[in-house]
Undergrad: 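Sharing a structure with you now.
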Amino acid sequence: MQIEFEGTYDLTSTLECGQAFRWRRDGDWYSSVIFNNNVKIRRNRKGVEFCSSPDDELALEPLVRGYLRLEDDLDGIYANINRDERIGESIKRFTGMRILRQEPWECLVSFICSANSNIGRISTNVEDISTKFGRAIRVNGDVRHTFPTVDVLAEAGEQPLRDLGLGFRAKYVSATARIIAEGGLDLFALREASYDEALESLVALPGIGDKVANCIMLFSLDKLEAFPVDVWIDRALREWYPAVAEKKLTKKAMRPWAQDYFGRYAGYANQYLFHGRRLQGK
DNA sequence: AGCCAGGCCCTCC
DNA sequence: GGAGGGCCTGGC
């Protein structure tokens, strides 16, 4: 099915910049499991084309639109965050890269798994969790699995997750799943909550600190002002922003500084700086 | 072999 | 309140 839209979209950068962990590339097609469907997608002249299974594409289309954040006015956002030549360069280089609107629970677990890890390993962890605890979706001989529900992971407990190689993150995933399963937090409700409210709720969960909470808010809870500070952003800000270096801002102090500096779309600035700095390597 | 990875948490000062 | 060390595991 074709989704037509105006405006730019760099699907490759968007799906490969490290905000989502289950997309696989095969030629110009990308495939993953989202909304309990095996979804294939590719860029074309008029927009993006996608296939879904088992559900009808017509039913999935609004969800895919939402996932891809096609409603974001990129030019408006660029104009808003373009405060200096550093961010300007990154915008020029990765024009069309978007933040995704992922499913909150999968996003939350993915970023608990990200602690002291790397993208390759996180991808393996998330895929292994799905294979072991998710529901099989078969498409033309290909089998992928849905990401398991909160209840399934709450019931599973810590040890099976350790056996999958999550390491010390297993107890955090398990404990957080149990809290949410028992009604300790409504993740979707956080989409309507303020940034501060959502942050406070998330960091109360085991395994979620300021950085991970900001990732979850940015990539799944519609908080475009979220600004996760990881080692790459830490490097980018210290190397590229004299104000940060001169003030000797700690990692902790960088987030509020950047949110004030870049404004309400600071999360977009974050993703462009992150991507640029990470490709540059250490 | 030893260090580090897209942090978090706990202890101690 | 913030600095320092431990934590699973895999990759270099």
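Order of the sequence lines fixes the chain letters, A, B, ..., with proteins taken first and strands second; residue numbering starts at 1 for each chain. Both backbone and side-chain heavy atoms feed into the values below; hydrogens, waters and symmetry mates do not.
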Undergrad: Classify the nucleic acid contact of A/Gly18 as base, sugar-phosphate or nothing, counting any heavy atom under 4.0 Å across all strands shown.
TA: base
Undergrad: Measure CD/A/Gln271 against C1'/B/dG6 and give the value in whole Å, please.
TA: 11 Å
Undergrad: For A/Arg277 and B/dA5, give me the distance from atom CZ to atom P, rounded to whole Å.
TA: 12 Å
Undergrad: To the side chain of A/Ala115, which of B/dA5, B/dG7, C/dC8 is closest?
TA: B/dG7
Undergrad: Do the non-hydrogen side-chain atoms of A/Leu108 and A/Ser220 ever get within less than 4.5 Å of each other?
TA: no
Undergrad: Whole-Å distance between B/dG6 P and A/Ile216 CD1?
TA: 18 Å
Undergrad: Under a 3.5 Å cut-off for both contacts, is C/dC8 paired Watson-Crick or G-U wobble with anything, and if yes, with which nucleotide?
TA: none
Undergrad: Using the P atom in both, what is the distance from C/dC8 to B/dA1, to the nearest Å?
TA: 22 Å
Undergrad: Using the C1' atoms only, state how far C/dG11 lies from B/dC8, rounded to an integer number of Å.
TA: 22 Å
Undergrad: Report the distance from atom NZ of A/Lys252 to atom C1' of C/dG2, rounded to the nearest whole Å.
TA: 9 Å
Undergrad: Looking at the side chain of A/Val212, which of B/dG6, B/dC8, C/dC7 is the nearest nucleotide?
TA: B/dC8
Undergrad: Taking any heavy-atom pair under 4.0 Å as a contact, classify A/Asn116: base, sugar-phosphate, or nothing.
TA: base
Undergrad: Expressed as a whole number of angstroms, how long is the span from A/Asp234:CG to B/dA5:P?
TA: 11 Å
Undergrad: Would you kindly give the NZ-to-C1' distance between A/Lys171 and B/dC9, to the nearest whole Å?
TA: 9 Å
Undergrad: Can you tell me, in whole Å, how much space there is between the P of B/dG6 and that of C/dA3?
TA: 23 Å
Undergrad: Taking CG from A/Leu108 and P from B/dG7, how many angstroms apart are they, rounded to a whole number?
TA: 16 Å
Undergrad: For A/Arg162 and C/dC8, is the shortest distance between a side-chain N/O and OP1 or OP2 below 4.0 Å?
TA: yes
Undergrad: Under 4.0 Å between any heavy atoms, over every strand shown, what does A/Leu161 touch: base, sugar-phosphate, or nothing? Just pick one.
TA: nothing
Undergrad: Between atom CD of A/Glu106 and atom CZ of A/Phe219, what is the distance when rounded to the nearest 0.5 Å?
TA: 13.5 Å
Undergrad: Compare side-chain N and O positions of A/Arg235 against OP1 and OP2 of B/dA5 and report whether any pair is under 4.0 Å apart.
TA: yes
Undergrad: If the P atom of B/dC4 is compared with that of C/dG5, how far apart are they to the nearest Å?
TA: 13 Å
Undergrad: Looking only at side-chain atoms of A/Lys282, point me to the closest of B/dC8, C/dT9, B/dA5.
TA: B/dA5
Undergrad: Can you tell which of A/Gln271, A/Arg278, A/Arg98 makes a side-chain contact (heavy atoms from CB on, under 4.5 Å) with A/Cys17?
TA: A/Gln271
Undergrad: Would you call A/Arg42 and A/Asp28 a salt bridge, using N to O less than 4.0 angstrom?
TA: yes
Undergrad: Is there a side-chain contact between A/Arg69 and A/Asp222 in this structure, where contact means two heavy atoms from C-beta onward sitting under 4.5 Å apart?
TA: yes
Undergrad: Tell me whether A/Lys171 at atom NZ has more than 12 heavy atoms from other residues, nucleotides or ligands lying less than 6.0 Å away.
TA: yes
Undergrad: Using a heavy-atom cut-off of 4.0 Å across all strands, would you classify A/Ile122 as base, sugar-phosphate, or nothing?
TA: nothing
Undergrad: With sugar-phosphate meaning primed atoms plus P, OP1 and OP2, does A/Pro228 contact a base, only sugar-phosphate, or nothing at under 4.0 Å between heavy atoms?
TA: nothing
Undergrad: In the structure shown, which nucleotide is the Watson-Crick or G-U wobble counterpart of B/dG6, with both distances under 3.5 Å?
TA: none
Undergrad: Rounded off to whole Å, could you give me the CG-to-P distance for the A/Asp230 and B/dA5 pair?
TA: 11 Å
Undergrad: Taking for each residue the nucleotide of DNA chain B bearing the nearest heavy atom, is the 5' side occupied by A/Phe21 or by A/Ile208?
TA: A/Phe21
